[in-house]
Amino acid sequence: MPQAYRYAIYLAPVGPWREIGSAWLGRCEETGERIARSRADDPRLDAWTEAPRHYGLHATLKPPFRLRPGTTACGLDGAVRTLARAQRPFGTALELCALRGFLAWCLPDEAGAHANIRRVADRMVRDLDAFRAAPTPDEIARRHPEGLNPAQRRMLQEWGYPYLFDTFTFHITLTGMLSATDLDHAGELLRARAGSALDGEMPVQAVSVYVQPRPGDPFVVARHYGFDGSTRDASGARFLDDDAP
């Protein structure tokens, strides 16, 4: 079985959020293929979306990690299956917002929405941590710990990522870091594209493993794990299966 460089546990948007979000980023997270731009698209769109395009459309639950020595991708696959079956489906509204200098779909200011997402994210982070290799000093440095508050630095030290548990903010990243002017322009363009298509609740009924095959490669979906016990494979599934060529 080939082993990917890194694995991540993400929530893959579904329905119109996936259709609009993937087209906005310009890449299909299922196949890794680029999605052609229209001639009418703003010429700045590729630059605005370069960073999130690398990771594919997603919301982070457990951030990318290398497998700990002695663990296997097949073991990770089994653990995610078990955790997914223990979750309950729900729906949540999403709002377009500016978050830490980038554009994202975020949760509304409703306690129930945050509690539902936190329940899933916390379980994924905590219960799958035995599969996570400790970050290298360079990986820690790339998080710029000097700019984090004490709680975020503690999360980075203990869990390899600064935004987890009490510092967690659910978001689906839609741009890289932008100036205030570009944030406004990008937001106007995305709202015009979406229209009323995103006015309802997005179903949350699965979690997904994304993989980065080699250092520097874009991330792709390996497998979706339904809360009902179902699974659905995508282009990166070979990095989870023992019998893969």
- Message: For Y10 and Y210, take the angle between the two ring planes, folded into 0 to 90°, and tell me which bin it lands in: parallel under 30, tilted 30 to 60, perpendicular over 60.
- Response: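 Correct class here is perpendicular.
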Establish whether [X] and [Y] are linked, either directly or via other cluster members, by ILVMFWY side-chain heavy-atom contacts under 4.5 Å.
X    : Y    : answer
V125 : V120 : no
F170 : V204 : yes
M155 : L61  : no
L83  : I9   : yes
Y163 : F102 : no

[Y] backbone acceptor or donor facing [X] side chain under 3.5 Å:
X    : Y    : value
T173 : A104 : no
H114 : P108 : yes
E188 : H185 : no
R85  : G229 : no
Y7   : L240 : no
T71  : R68  : yes
R118 : F165 : yes
E139 : T136 : yes
S196 : D199 : no
R27  : H54  : yes

Counting C-beta onward and ignoring hydrogens, is there a side-chain heavy-atom pair between [X] and [Y] closer than 4.5 Å?
X    : Y    : result
L67  : T72  : no
R18  : E29  : yes
L25  : Y55  : no
L57  : W17  : no
V209 : F239 : no

[Y]/[X] salt bridge by N-O under 4.0 Å criterion:
X    : Y    : value
R126 : D122 : no
R34  : D46  : yes
D77  : R81  : yes
R153 : E146 : no

- Centroid separation F219 to H58 less than 6.0 Å: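 No, they do not, as the ring centres are separated by 6.0 Å or more.
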- Derivation of the side-chain contact (heavy atoms from CB on, under 4.5 Å) call for L174 and T49: CA-CA 6 Å; L174 297 165; T49 58; over 6 Å; no
Between atom [atom1] of [X] and atom [atom2] of [Y], what is the distance when rounded to the nearest 0.5 Å?
X    : Y    : atom1 : atom2 : answer
T169 : I117 : OG1   : CD1   : 12.0 Å
Q152 : L164 : CD    : CG    : 10.5 Å
C97  : L107 : SG    : CG    : 9.0 Å
W24  : W105 : CH2   : CH2   : 9.5 Å
L128 : T82  : CG    : OG1   : 10.0 Å
T92  : E201 : OG1   : CD    : 6.5 Å

- Task: Run the numbers on V220 and T31 for side-chain contact (heavy atoms from CB on, under 4.5 Å), then give the verdict.
- Result: CA-CA 7 Å; V220 293; T31 65; over 6 Å; no
Taking all non-hydrogen atoms of both residues into account, name the closest pair between [X] and [Y] and its distance.
X    : Y    : result
G176 : A51  : CA-CB, 4.2 Å
P218 : P213 : O-CD, 3.6 Å
A151 : T167 : CB-CG2, 3.9 Å
G226 : A206 : CA-CB, 3.8 Å
A197 : I20  : CB-CD1, 4.0 Å

- Item | CD (Q157) with more than 12 external heavy atoms under 6.0 Å |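 No, because the 6.0 Å sphere around CD of Q157 holds 12 heavy atoms or fewer from other groups.
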- Message: Tell me if the CZ atom of R88 is crowded by more than 12 foreign heavy atoms within 6.0 Å.
- Response: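 At most 12 heavy atoms, drawn from other residues, nucleotides or ligands, come within 6.0 Å of this atom.
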- Task: Applying side-chain contact (heavy atoms from CB on, under 4.5 Å), run through C106 and E95 and close with a yes or a no.
- Result: CA-CA 5 Å; C106 300; E95 299 176 346; 5.5 Å; no
- Query: Partners of D41 by side-chain contact (heavy atoms from CB on, under 4.5 Å), sequence neighbours excluded?
  - Reply: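 For D41, the residues satisfying side-chain contact (heavy atoms from CB on, under 4.5 Å) (neighbours in sequence not counted) are R37, S38, L45, R193.
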- Message: Going by the rule side-chain contact (heavy atoms from CB on, under 4.5 Å), which residues pair with R191 if we only count those two or more places apart in sequence or in a different chain?
- Response: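 R191 satisfies side-chain contact (heavy atoms from CB on, under 4.5 Å) with L96 only.
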- Task: Would you mind telling me which of R232, E30, H224 makes a side chain to side chain contact (heavy atoms under 4.5 Å, CB included) with S208?
- Result: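 Among R232, E30, H224, the one meeting side chain to side chain contact (heavy atoms under 4.5 Å, CB included) with S208 is H224.
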- Item | Test side-chain contact (heavy atoms from CB on, under 4.5 Å) applied to R6 and V211, step by step | CA-CA 6 Å; R6 288 195 294 175; V211 295; over 6 Å; no
- Task: Report yes or no: do D228 and S230 form a side-chain donor-acceptor pair below 3.5 Å?
- Result: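 Looking only at side-chain atoms, S230 and D228 do form a donor-acceptor pair, the distance falling under 3.5 Å.
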